[in-house]
Chemist: 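I have a structure here, written as structure tokens, and I will follow up with some questions on it.
In what follows, every heavy atom counts, from backbone to side chain, and hydrogens, waters and symmetry copies are set aside.
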Amino acid sequence: MDVIEFFELSAGKWFSQRTVHNLNSGELQAGKSDLKIEMLTANDAAVVKLCQQHSTNPDSTGLRGVRISWDGVPDRNQAKQVGSTILAIVPNPENPSEGKVLQAKGNTRYVMGGDDVLTLITESDTVRAEERLWYLIPNLRLRTSVVKQADGTEQASFCSEIRMGGSPKS
């Protein structure tokens with residue numbers, strides 16, 4: 001599976017349950033949310049705008065957009081969060097199993113493994129995050145992440161996501 005096929009399989013409505021463990025303090029958080037993932041074409045206005053912000057040609061070979069919307073509670077002690085973001089998936093033409101994921105903030109790259117596990121790596125001066133996503137079956141997706149901040153704070157999380165609507169690419 002290539003990265004575009006991975007995201008196409010993600011299209012639909014999902015129920016997500018997440019546990020976050022602060023590795024320094026031992027604090028645990030448990031949250032849940034509804035996700036909606038939509039594939040966008042490279043000429044979608046939001047994708048074009050994002051590409052312009054990153055000085056990337058939206059006509060790049062294989063480029064696709066993704067809109068992710070969420071509605072949920074990150075932890076039982078926190079207020080509900082609703083939002084959305086746009087991603088532009090930019091495969092490396094010389095090695096399509098690697099590339100960039102453009103987003104409004106942050107610099108992310110991806111590696112699509114031969115085992116169909118997608119790894120997203122975000123790095124800045126203040127944080128390094130590595131997230132791995134894979135499917136057990138088309139309607140059950142798992143995610144793990146490790147986030148290390150410059151101040152020494154480290155978090156690990158686990159998510160299970162169950163498709164609630166929409167259908168995987170046939």
Side-chain angles (χ1 to χ4, degrees), residues 1-23 28-42 44 46-47 50 54 60 62-75 81-92 95-124 127-149 154-170:
M1 170 179 341
D2 69 25
V3 69
I4 300 302
E5 291 170 325
F6 187 94
F7 278 100
E8 287 173 340
L9 185 58
S10 297
K13 295 178 183 177
W14 297 82
F15 172 72
S16 178
Q17 296 183 106
R18 179 173 71 161
T19 303
V20 179
H21 185 157
N22 182 313
L23 300 177
L28 290 174
Q29 293 179 325
K32 57 185 177 180
S33 62
D34 293 324
L35 301 174
K36 183 178 180 186
I37 302 173
E38 304 169 82
M39 295 301 295
L40 305 172
T41 63
D44 181 275
V47 175
L50 182 60
H54 289 275
S60 297
L63 187 142
R64 290 290 304 272
V66 179
R67 176 181 289 116
I68 302 173
S69 305
W70 59 88
D71 180 349
V73 180
D75 187 49
Q81 294 183 359
V82 177
S84 68
T85 191
I86 301 290
L87 307 176
I89 312 305
V90 186
N92 176 345
N95 182 2
S97 66
E98 298 181 7
K100 298 185 287 187
V101 178
L102 307 180
Q103 51 190 336
K105 295 181 181 178
N107 187 15
T108 301
R109 60 188 173 92
Y110 76 80
V111 176
M112 188 73 222
D115 56 358
D116 294 336
V117 174
L118 175 63
T119 302
L120 301 172
I121 302 154
T122 304
E123 297 178 291
S124 73
V127 70
R128 182 180 195 288
E130 184 170 311
E131 184 173 24
R132 295 173 50 85
L133 301 92
W134 68 98
Y135 293 93
L136 287 182
I137 58 176
N139 291 329
L140 177 60
R141 187 170 82 168
L142 303 177
R143 290 190 292 150
T144 60
S145 69
V146 175
V147 178
K148 297 179 181 183
Q149 297 183 14
E154 293 182 90
Q155 291 184 328
S157 68
F158 173 78
C159 276
S160 62
E161 297 171 337
I162 301 167
R163 186 184 309 275
M164 301 302 291
S167 60
K169 183 182 173 190
S170 301

Chemist: Identify, with sequence neighbours excluded, every residue that meets side chain to side chain donor-acceptor pair (under 3.5 Å) alongside Ser33.
Modeler: none
Chemist: What distance do Leu63 atom CG and Leu102 atom CG have between them, rounded to the nearest 0.5 Å?
Modeler: 7.0 Å
Chemist: Asp115: which residues meet the side chain to side chain donor-acceptor pair (under 3.5 Å) condition with it, sequence neighbours left out?
Modeler: none
Chemist: Begin from the C-alpha positions of Asn92 and Arg109 and carry the test side chain to side chain contact (heavy atoms under 4.5 Å, CB included) through to its verdict.
Modeler: CA-CA 10 Å; Asn92 176 345; Arg109 60 188 173 92; over 6 Å; no
Chemist: What are the two closest non-hydrogen atoms of Leu40 and Val66, and how far apart are they?
Modeler: CD1-C, 4.1 Å
Chemist: With sequence neighbours excluded, tell me which residues meet side chain to side chain donor-acceptor pair (under 3.5 Å) with Tyr135.
Modeler: Ser10
Chemist: Check salt bridge (Lys or Arg N to Asp or Glu O under 4.0 Å) between Asp71 and all other residues, then give those that pass, not counting sequence neighbours.
Modeler: Lys80
Chemist: Which distance, rounded to the nearest 0.5 Å, do you find between the CD of Gln29 and the OG1 of Thr19?
Modeler: 10.0 Å
Chemist: For the CZ atom of Phe7 and the CD1 atom of Ile37, what is their distance to the nearest 0.5 Å?
Modeler: 8.0 Å
Chemist: Would His54 and Lys100 count as a side chain to side chain contact (heavy atoms under 4.5 Å, CB included) if you check the C-alpha gap in whole Å, the side-chain angles of each, and the deciding distance to 0.1 Å?
Modeler: CA-CA 11 Å; His54 289 275; Lys100 298 185 287 187; over 6 Å; no
Chemist: Is Leu9 close to Pro138 at the side-chain level, that is, under 4.5 Å between some pair of heavy atoms?
Modeler: yes
Chemist: Applying salt bridge (Lys or Arg N to Asp or Glu O under 4.0 Å), name anything that partners Glu154, two or more places apart in sequence or on another chain.
Modeler: Lys148
Chemist: Give me each pair satisfying salt bridge (charged side-chain N to carboxylate O under 4.0 Å, His left out) with a member in residues 130-141, each pair once, sequence neighbours excluded.
Modeler: Arg128-Glu130, Glu131-Arg143, Arg141-Glu161
Chemist: Could you walk me through whether Trp14 and Asp34 pass side chain to side chain contact (heavy atoms under 4.5 Å, CB included), step by step?
Modeler: CA-CA 6 Å; Trp14 297 82; Asp34 293 324; over 6 Å; no
Chemist: Treating Tyr110 as the side-chain partner and Glu98 as the backbone partner, does any N or O pair qualify as donor plus acceptor under 3.5 Å?
Modeler: yes
Chemist: Taking all non-hydrogen atoms of both residues, which atom of Val47 and which atom of Gly65 are closest, and how far apart?
Modeler: CG2-CA, 3.7 Å
Chemist: Drop me the distance from Lys13's NZ to Arg163's CZ, to the nearest 0.5 angstrom.
Modeler: 12.5 Å
Chemist: Do Asp116 side-chain atoms and Met1 backbone N/O form a donor-acceptor pair below 3.5 Å?
Modeler: yes
Chemist: Could you state the interatomic distance from CD1 (Ile68) to CG (Leu87), rounded to the nearest 0.5 Å?
Modeler: 4.5 Å
Chemist: Go through Arg67 and Ser69 one step at a time and tell me if the side chain to side chain contact (heavy atoms under 4.5 Å, CB included) criterion holds.
Modeler: CA-CA 7 Å; Arg67 176 181 289 116; Ser69 305; 4.1 Å; yes
